[in-house]
Amino acid sequence: MSNEEGQLQTSIGFWMGIAYRKLSALLQQRLKAYGLTPEQWSVLYTIQVSEGLIQKDIAERTHKDKPTTTRILDQLEDKGFIVKSVGENDRRAFVVHATEKGRHVIRETASVERSVSEEVRSIMTAEEYDVFVELLQRIHSHAETKLEG
């Protein structure tokens, strides 16, 4: 193994990318029957939990940029999972609500998302899982600080 290959095999970014893509593919496979992607699921879940958000709030809570959020909201609206209405305080901002169809699909799929999380938990001790989540949160905060500064 060359030095470059060795560096790649120990790169945190490399392994985080691989793990993310594998977990995302697993969730995508399980959500396919419901007509949702993992990205759409996280946005719809956020909308359903906190009814009446505007697009900016949805983007912040799901850690997505504005164009990605707009695209996902349009897809969810086309599927009948959400409705957008003009905001009362800011006529330029749309308030987003889950439809009954959207609330139903979240109720149906919450266990699907939980099952993927439980599969990850099952390969670690409870202490390892807690440390893993704490480390991921620290990495996120550090990267966010570097991007802002």
Side-chain angles (χ1 to χ4, degrees), residues 8 11-149:
L8 186 59
S11 166
I12 189 77
F14 175 76
W15 285 109
M16 285 179 70
I18 288 174
Y20 165 77
R21 286 188 296 279
K22 293 293 182 183
L23 286 174
S24 186
L26 183 60
L27 188 55
Q28 175 131 6
Q29 181 184 64
R30 293 179 183 177
L31 289 173
K32 188 175 185 178
Y34 300 94
L36 284 171
T37 66
E39 275 190 325
Q40 292 168 355
W41 189 91
S42 67
V43 170
L44 182 57
Y45 180 82
T46 300
I47 293 165
Q48 192 265 334
V49 167
S50 302
E51 281 288 327
L53 295 174
I54 61 172
Q55 180 175 321
K56 178 179 176 265
D57 294 334
I58 295 166
E60 287 174 4
R61 291 180 186 200
T62 58
H63 301 278
K64 298 183 187 319
D65 61 30
K66 190 173 187 253
T68 300
T69 303
T70 298
R71 176 181 50 81
I72 293 170
L73 290 175
D74 289 345
Q75 292 166 342
L76 291 172
E77 187 176 39
D78 289 346
K79 293 176 181 186
F81 293 139
I82 65 163
V83 292
K84 296 185 249 178
S85 57
V86 177
E88 289 182 24
N89 297 336
D90 183 351
R91 309 234 7 111
R92 297 166 297 167
F94 289 100
V95 178
V96 183
H97 296 276
T99 62
E100 183 50 43
K101 182 179 178 182
R103 288 189 291 279
H104 176 75
V105 80
I106 285 298
R107 284 191 301 271
E108 290 284 313
T109 58
S111 63
V112 172
E113 195 281 334
R114 252 189 328 275
S115 73
V116 173
S117 293
E118 288 303 319
E119 286 182 41
V120 171
R121 276 182 194 253
S122 74
I123 63 169
M124 302 175 202
T125 65
E127 294 79 22
E128 287 173 328
Y129 186 82
D130 290 343
V131 169
F132 177 64
V133 170
E134 196 270 328
L135 289 171
L136 288 173
Q137 290 169 340
R138 249 197 282 170
I139 290 167
H140 169 266
S141 293
H142 175 75
E144 190 167 56
T145 300
K146 292 294 182 184
L147 288 169
E148 290 171 356

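Just so you know, these numbers come straight off a predicted model, no measurement behind them.
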Can you give me the closest heavy-atom contact between [X] and [Y], atom names plus distance?
| X | Y | value |
| --- | --- | --- |
| Pro38 | Ser24 | CG-O, 3.6 Å |
| Ala98 | Leu44 | CB-CD1, 4.4 Å |
| Tyr34 | Phe81 | O-CZ, 3.9 Å |
| Glu128 | Met124 | OE1-CA, 3.3 Å |

Is the shortest side-chain heavy-atom distance between [X] and [Y] below 4.5 Å?
| X | Y | result |
| --- | --- | --- |
| Leu73 | Ile47 | yes |
| Ser42 | Lys64 | yes |
| Thr37 | Trp41 | no |
| Met16 | Leu136 | yes |

Mind checking the [atom1]-[atom2] spacing from [X] to [Y]? Nearest 0.5 Å is all I need.
| X | Y | atom1 | atom2 | value |
| --- | --- | --- | --- | --- |
| His63 | Thr46 | NE2 | OG1 | 9.0 Å |
| Arg121 | Glu118 | CZ | CD | 5.5 Å |
| Ile106 | Tyr45 | CD1 | OH | 8.0 Å |
| Ile82 | Gln40 | CD1 | CD | 10.0 Å |
| Arg114 | Thr109 | CZ | OG1 | 9.5 Å |
| Thr69 | Arg61 | OG1 | CZ | 13.0 Å |

### Query
Are any side-chain N or O atoms of Ser141 and backbone N or O atoms of Arg138, one a donor and one an acceptor, separated by less than 3.5 Å?
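Here the side-chain-to-backbone pair does not exist.
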### Message
Can a donor-acceptor pair be found, under 3.5 Å and without considering hydrogens, that links the side chain of Ser11 to the backbone of Phe14?
### Response
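Looks like yes, one N/O pair under 3.5 Å.
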### Task
Before accepting this row, confirm whether a basic side-chain N of the pair Lys56/Glu60 lies closer than 4.0 Å to the acidic partner's carboxylate O.
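Looking at Glu60 together with Lys56, the answer is yes, because their closest N to O distance falls below 4.0 Å.
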### Query
Does the distance from a Lys or Arg side-chain N to an Asp or Glu carboxylate O, for Arg30 and Glu108, drop under 4.0 Å?
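Result for this pair is no, no salt bridge flagged.
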### Audit row: Val95, Val86, side-chain contact (heavy atoms from CB on, under 4.5 Å) steps and yes/no
CA-CA 6 Å; Val95 178; Val86 177; over 6 Å; no
### Task
Test side-chain hydrogen bond (donor to acceptor under 3.5 Å, both in side chains) on Gln55 and Lys84 and set out the steps.
CA-CA 10 Å; Gln55 180 175 321; Lys84 296 185 249 178; 6.0 Å; no
### Query
Hey, what's the ring geometry for Phe132 with Tyr129, parallel, tilted or perpendicular (30° and 60° as the breaks)?
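Tilted.
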### Task
With side-chain contact (heavy atoms from CB on, under 4.5 Å) as the test, would you mind laying out the steps for Leu36 and Leu76 before giving the verdict?
CA-CA 9 Å; Leu36 284 171; Leu76 291 172; 3.8 Å; yes
### Task
Apply side-chain contact (heavy atoms from CB on, under 4.5 Å) to the pair Ile58 and Leu53, showing each step before the final yes or no.
CA-CA 6 Å; Ile58 295 166; Leu53 295 174; 3.7 Å; yes
#### Entry: Inter- and intrachain pairs under side chain to side chain donor-acceptor pair (under 3.5 Å), touching residues 95-104, at least two apart
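Found Glu51-His97, Glu100-Arg103, Glu100-Arg107.
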#### Entry: Intermediate values then yes/no, side-chain contact (heavy atoms from CB on, under 4.5 Å), Ile54 and Phe94
CA-CA 6 Å; Ile54 61 172; Phe94 289 100; over 6 Å; no
### Task
Would you please name every residue forming a side chain to side chain donor-acceptor pair (under 3.5 Å) with Glu39, sequence neighbours left out?
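Arg71.
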